[in-house]
Each structure stands twice: as structure tokens, then as C-alpha cells.
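Only one structure is covered here, and it is reproduced in the block below.
Since we're looking at a predicted model, the values are computed, not measured. Counting begins at 1 with the first residue of the sequence.
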Amino acid sequence: MNEQDWRLLEADRSVEELRIDGWLLQRGARVRLHPRARGDVFDLTLEGRTAQVESIEQDLEGNFMVAVVLDEDPGAYLGLLRMPGHRFFFSPQELERLPPTPDTPLRPLPSTRTILVAGIGNVFLGDDGFGVEVAHRLAGRSLPGGVTVTDFGIRGYDLAYALVRGADYTILVDACPRGEPPGTVFVLEPDLTDLDARDGGPAVVDAHDLNPLHVLRLARSLGAELRKVVVVGCEPATLGPPEGHMGLSDPVRAAVDEAVPLIEGLIARFSAATA
């Protein structure tokens, strides 16, 4: 897979509106569902139900799919925290437009939050590849619009400039030695109020320096606003010999399975947060 392919996979491919046979389908619109007969029990159950459009998404082949939430769904008020079990996807041709009515008012849709999930680390240093592996796992999952998952590897400057571009929330994923048992997963919130160089850290880092504090300091020096930042870390068992060693240890490999749903929970919470 080349660099252009990765950029396509990382891009947010949601759209705000779509014109279908002369009518405009938008986020928040009310529709009636007419699933095509595919022998699916859900299609039979959902035929004729009314719903609200939550998002319109486009795949890499250019096909559009519409995510809807049923009007009578008791979990609808939870916003994105109810994902993914309460969203259903349909092609635009399976939807019938409905006007909003006083007795079925539109639910306010959650605003799209921009969230950067940055996997960092050196895969040639054993468990230092934790963040990279987590990023690869998350890249294959269904995530809300506005979420970007990127494997930055050891590209410190690339991560710093991504932070300069700005996101409402940033989740850094890294192997962080803290003296805990190997494989321990934890969430830290760095103190962003004092990112100057008084602790001896450099204001400008080496191109391959992925120390989270140093990269945050560099991003701040480049003008990054740095809103909400959390670090999802894992205690490594080994960072490999000087000559390098690929592959995660058993406890850290198991920690990847723990970190992925933890980060999905953070994404859901951040996506549903009010301004």
C-alpha cells in the first residue's frame, strides 16, 4: 500500500448532504426505511420504520451509505456514546424522505468533534511498538466521523505538525515505562500549562524523538493550540537490545487488546462532549 492509499484510508469521508433523484438528503433529515430484500431479519424488522439521518459516509469506491437512528430507539438520547449497536446503514435508494412534524421533532445531532489518535513508537525496539500496533488495530475499526488514526512511528516532526493543524482532542498511544507490571495500561493527562524547557527537555526535538512531552513542547513552540490531550500508555516488558528486536512481548500484546476498546470508549466520550 503506498502513501496515497494510506492518506485515503485516514481521510474523513463523511459529507453533510447528498442530492438523490431531485431531493436533498442532509444530516438530521427524517426518513422512512425500505430495505432491499436480502433475506436479513433486520431488513424485515426495519421495513417502514422512521429514523433520523446521523451521517452520510462515502467508501473508497465512491459509494454512499447513510447511518440512521430509529425514532423510537430508547438509546438515541445518548448521542455517539450509543455507537455502534444503535446505528443502521442503508444506501440512499433505500430511504424515503419525510418532513419533520411537530409530534416527532428532530433530535439535536451531536456536533462533529475532531479527534487525533496518534500511535507512536519504534517497532524495532520490542515493546516500543505498542502504540504502532494499537493504531493499526484501530485503523480497521468503525469510528465516528472526525476521528483520524495515524501511525506516526518515530516521525516526531510529523506528529508535531499534525498537532499544529489542530484537533479538539488528541490521544497519544505509547509505551511508557513507569515501574508498573509489564502490560499495565493506563491513561495520563499531561499538564499543558507549562511546556517550556525548564525541566531540561529540548524546545526543538530530534526528528526521531517521540517522547510525548518533547513533541508537545515542539508543537506548542510551532503555534499549536493543544486543547485536550491524553496519553494511553503501556508498561513495556522490554525495549529490545541496542541492535534492535521486533515483536511485542506476551503481556504487551495482550495489552493491545485492552487498549483498543479503552480508546474507543475515550473517542465516544469525546465525540459526545458538549462545547
Side-chain angles (χ1 to χ4, degrees), residues 80-81 83 113-141 143-144 147-156 158-160 162-163 167-195 199-201 205 208-220 224 226-240 245-273:
L80 291 174
L81 283 173
M83 290 175 56
R113 301 288 178 178
T114 55
I115 302 171
L116 172 65
V117 181
I120 57 181
N122 190 335
V123 296
F124 294 103
L125 293 179
D127 289 339
D128 198 44
F130 167 77
V132 172
E133 178 61 26
V134 171
H136 288 177
R137 294 272 193 96
L138 285 168
R141 312 277 282 200
L143 299 172
V147 178
T148 300
V149 179
T150 303
D151 161 20
F152 284 96
I154 57 173
R155 295 174 288 121
D158 287 353
L159 175 54
L163 293 170
D168 295 316
Y169 297 90
T170 300
I171 303 173
L172 304 178
V173 190
D174 192 18
C176 303
R178 299 178 72 236
E180 303 289 339
T184 301
V185 176
F186 45 84
V187 179
L188 303 174
E189 186 169 349
D191 183 2
L192 303 180
T193 61
D194 187 11
L195 285 177
D199 66 353
V205 304
H208 301 310
D209 183 354
L210 260 292
N211 178 298
L213 184 61
H214 294 173
V215 175
L216 291 172
R217 182 176 297 116
L218 173 60
R220 174 67 63 80
L226 296 180
R227 300 178 181 94
K228 175 80 170 181
V229 178
V230 298
V231 177
V232 174
C234 176
E235 182 72 34
T238 174
L239 296 178
H245 168 71
M246 293 189 67
L248 302 178
S249 64
D250 289 342
V252 172
R253 187 177 300 109
V256 172
D257 296 330
E258 178 182 350
V260 168
L262 184 153
I263 293 171
E264 288 178 319
L266 289 173
I267 290 171
R269 192 177 80 195
F270 294 157
S271 296

Residues Leu159 and Ala118: closest non-hydrogen pair is CD1-CB, 3.7 Å

Between the main-chain N or O of Gly233 and the side-chain N or O of Asp174, is there a donor-acceptor pair closer than 3.5 Å?
no

How many angstroms lie between CG in Asp151 and CD1 in Ile120, if you round to the nearest 0.5 Å?
10.5 Å

Decide yes or no on side-chain hydrogen bond (donor to acceptor under 3.5 Å, both in side chains) for Asp168 and Thr114, but give the supporting numbers first.
CA-CA 5 Å; Asp168 295 316; Thr114 55; 3.2 Å; yes

Could you go through the side chain to side chain contact (heavy atoms under 4.5 Å, CB included) check for Ile267 and Ile171 one step at a time?
CA-CA 9 Å; Ile267 290 171; Ile171 303 173; 4.1 Å; yes

Just wondering, are more than 12 heavy atoms of other shown residues or ligands nearer than 6.0 Å to CZ in Arg227?
yes

To the closest 0.5 Å, what do you measure between SG (Cys234) and CG (Asp127)?
7.0 Å

Validation row: Val232, Val134 side chains within 4.5 angstrom (heavy atoms)
no

On a heavy-atom basis, the closest approach of Ala135 and Thr150 is CB-O, 4.1 Å

Mind listing the closest non-hydrogen atom pair of Gly126 and Leu248 along with its distance?
O-CD2, 3.6 Å

Distance from Thr170 atom OG1 to Leu216 atom CG, nearest 0.5 Å?
8.0 Å

Side-chain (Glu235) to main-chain (Glu180) donor-acceptor, under 3.5 angstrom
yes

Nearest heavy-atom approach of Ala255 to Gly183 is CB-O, 3.4 Å

From Lys228 atom NZ to Ile115 atom CD1, the distance as rounded to the nearest 0.5 Å
12.0 Å

Could you check whether any side-chain heavy atom of Pro236 comes within less than 4.5 Å of a side-chain heavy atom of Ser249, counting everything from C-beta outward?
no

Got a second to check how far Arg178's CZ is from Leu188's CG, nearest 0.5 Å?
4.5 Å

Indicate the atoms forming the closest heavy-atom contact of Gly153 with Val132, along with that distance.
CA-CG2, 4.1 Å

Using every non-hydrogen atom in the two residues, find where Phe130 and Ala175 come nearest and quote the distance to one decimal.
CD2-N, 4.1 Å

Asp257 vs Arg137, side chain to side chain contact (heavy atoms under 4.5 Å, CB included): CA-CA, chis, key distance, verdict
CA-CA 9 Å; Asp257 296 330; Arg137 294 272 193 96; 2.8 Å; yes

Inter-residue atom distance Leu138.CG - Glu264.CD, 0.5 Å rounding
6.0 Å

